Amino acid sequence: MSHGLNVSALCRVTNFETVRRILGKAGLQSVLGTIADRIAADADDVELAGASRDLIEVMLRAPDADAAAVRLKTMLGEMQACQRALGLAARLDFEIGAAWSPGGEGDGLRLLEAAEAALARAGNQGGLSVIDLSVADRSVDRLTLIAELPRAIAAGEMFLHYQPKINVRQQKVASAEALIRWQHPDRGLVLPGDFIAAAEESGQIADLTLWTLRRVIADQRALAASGYDLPLFLNISGMLLADTAFIEESCAIITAHPQAKLGFEITETAVIRDPESAIRHLQQFADHGVVLAIDDYGAGLSSLAYLKQLPAKELKIDKMFVTQLTSSHRDPLIVRSTIDLAHALEMEVTAEGVETPAALALLSVMGCDLVQGYLISRPVPFAALCAYLGEQEQLAETMSSRPVFLRSGSSWTRA
Ligand code: C2E
Ligand code: MG
Ligand code: MG
């Protein structure tokens, strides 16, 4: 049993544009940084997850929900006090969106998405809005979920978020990946980690993926019509590569939409189970013009000999190596050799899980082709992706605020 709650809090400057006009961009960033440091220094269990543009993101622990609510109110008060102490020419108004849960492995993203949802409604709730995930049914009952899936698809409860992939050299969005979400009427937001495995076990992954494929094709067409003809990628469970009916139906759908620019991300662990038919079917997709990417590389057991046989154009390094990149001794070596290996096999390399400017800088020095991660953009609704594509100068800003790395022997140091 776990004790206490993990709390994720997003503090946003609501009058960002006004204050920026008065303090200037650099001035505002420095004030935000100071306030963020002050909050983080306040207690041992407060961890600063980031401070950018108009947002401070913190994680903290609290013994229970009441204590968590008190901590957040205190935090709002402290942010005002800190500003008064700085004697600023303009006052920053903050609102907080937060979420908490009893915690557990892999809960971070769920918490963050819930905190974002809370932030979106903080304005209507006096500047502080909270989602308590511990009262929602956390013990996601797989059998119930499996039984509910067909209804959920038909009822339109599934939707897609998109996360851009950035070409490092061109500093441009190269493509985007579709990630499925389930807005459950009682449980709230259910992330794929909670239902993809269940769908695979129950044989419903084919229907779910066909739904996703149709949705992605429609979105890709809308994107092209608005002037951004980018390829959209979807995740294909390796298990489906042995499913002849799925292969036939998906190829029929793709054939009916020859103009759609599509990519499939395939998790390598699953592919390896039946390599021969998987490779044959992958070739069939490639022949239909689908770009293939190997997902989560390094998390499984692929061999070089096996990789060489796949008609894949892109290798995605698993985020477990990327999130620790600048704090680990071993991971930079693994990432560097993976990039070289992929290039030798004439594949492009994508690093997923890029969360810090330091990781981005190091990946860029190492010759990584594409990056994807929270630093650049979280997975966002389709409309937000379109808006993002319209403001790509923001991207150049993120990409250029990077530290420089020098190679010394087998390790990397920050210049
Ligand atoms: P994936 O394809 O490897 O996707 C990357 C996951 O990492 C996503 O989680 C994404 O939201 C998260 N992520 C993105 N950037 C960062 C970052 O900077 N830091 C960290 N820590 N995480 C980041 P998500 O959306 O929960 O998806 C989890 C997995 O579920 C996906 O892993 C994919 O394997 C699977 N999945 C998602 N959608 C589908 C789908 O439509 N069909 C199938 N078969 N699987 C899907
Ligand atoms: Mg993927
Ligand atoms: Mg992945």
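This is a predicted model, so every value here is computed, not measured. Values below: every heavy atom of this structure, side chains too, minus hydrogens, waters and symmetry copies. Order of listing sets the numbers, starting from 1, for every ligand and every atom in it.
Crowding of Arg181 atom CZ: a count of heavy atoms from other residues, nucleotides or ligands under 6.0 Å exceeding 12. More than 12 heavy-atom neighbours from other residues, nucleotides or ligands sit within 6.0 angstrom of CZ on Arg151.
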Run the numbers on Glu148 and Glu157 for side chain to side chain contact (heavy atoms under 4.5 Å, CB included), then give the verdict. CA-CA 11 Å; Glu148 285 182 299; Glu157 291 172 15; over 6 Å; no

Does Met366 form a side chain to side chain contact (heavy atoms under 4.5 Å, CB included) with Val349? I'd like the steps, not just the answer. CA-CA 11 Å; Met366 288 174 170; Val349 183; over 6 Å; no

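The distance cut-off of 2.8 Å around the Mg ion (ligand 3) captures these protein N, O or S atoms, sorted by chain and number: Asp295 OD1, Asp296 OD1, Glu352 OE1, Glu352 OE2.
Using a 4.0 Å cut-off between charged side-chain N and carboxylate O, Glu391 and Arg53 make no salt bridge. We find that Glu352 and Lys165 are not joined by a salt bridge, their nearest charged nitrogen and carboxylate oxygen being 4.0 Å or further apart.
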Ligand 1: protein N/O within less than 3.5 Å of ligand N/O:
residue, atom, partner, partner atom, Å
ligand 1, 2 (O), Glu177, OE2, 2.9
ligand 1, 2 (O), Asn235, OD1, 2.8
ligand 1, 2 (O), Asp295, OD2, 2.9
ligand 1, 3 (O), Asp296, OD1, 3.0
ligand 1, 3 (O), Glu352, OE1, 3.3
ligand 1, 7 (O), Lys319, NZ, 3.1
ligand 1, 15 (N), Gln163, NE2, 2.9
ligand 1, 18 (O), Tyr374, N, 2.8
ligand 1, 19 (N), Glu355, OE2, 2.5
ligand 1, 21 (N), Glu355, OE2, 3.0
ligand 1, 22 (N), Tyr374, OH, 3.3
ligand 1, 25 (O), Arg181, NH1, 2.9
ligand 1, 25 (O), Arg181, NH2, 3.0
ligand 1, 38 (N), Ile180, N, 3.1
ligand 1, 42 (N), Asn235, O, 3.3

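The aromatic rings of Phe159 and His161 lie perpendicular to each other, with more than 60° between the two planes, well past the 30° mark.
When each of Leu333, Asp340, Ile339 is paired with Arg336, the side-chain contact (heavy atoms from CB on, under 4.5 Å) condition holds for Asp340 and for no other. With Thr350 as the fixed residue, the side-chain hydrogen bond (donor to acceptor under 3.5 Å, both in side chains) test singles out one of Glu265, Gln372, Glu314, Glu177: Glu314.
Nearest N, O or S atom of Glu177 to the Mg ion (ligand 2): atom OE2.
Within the 4.5 Å cutoff, the side chain of Asp219 has no heavy atoms near those of the Leu223 side chain.
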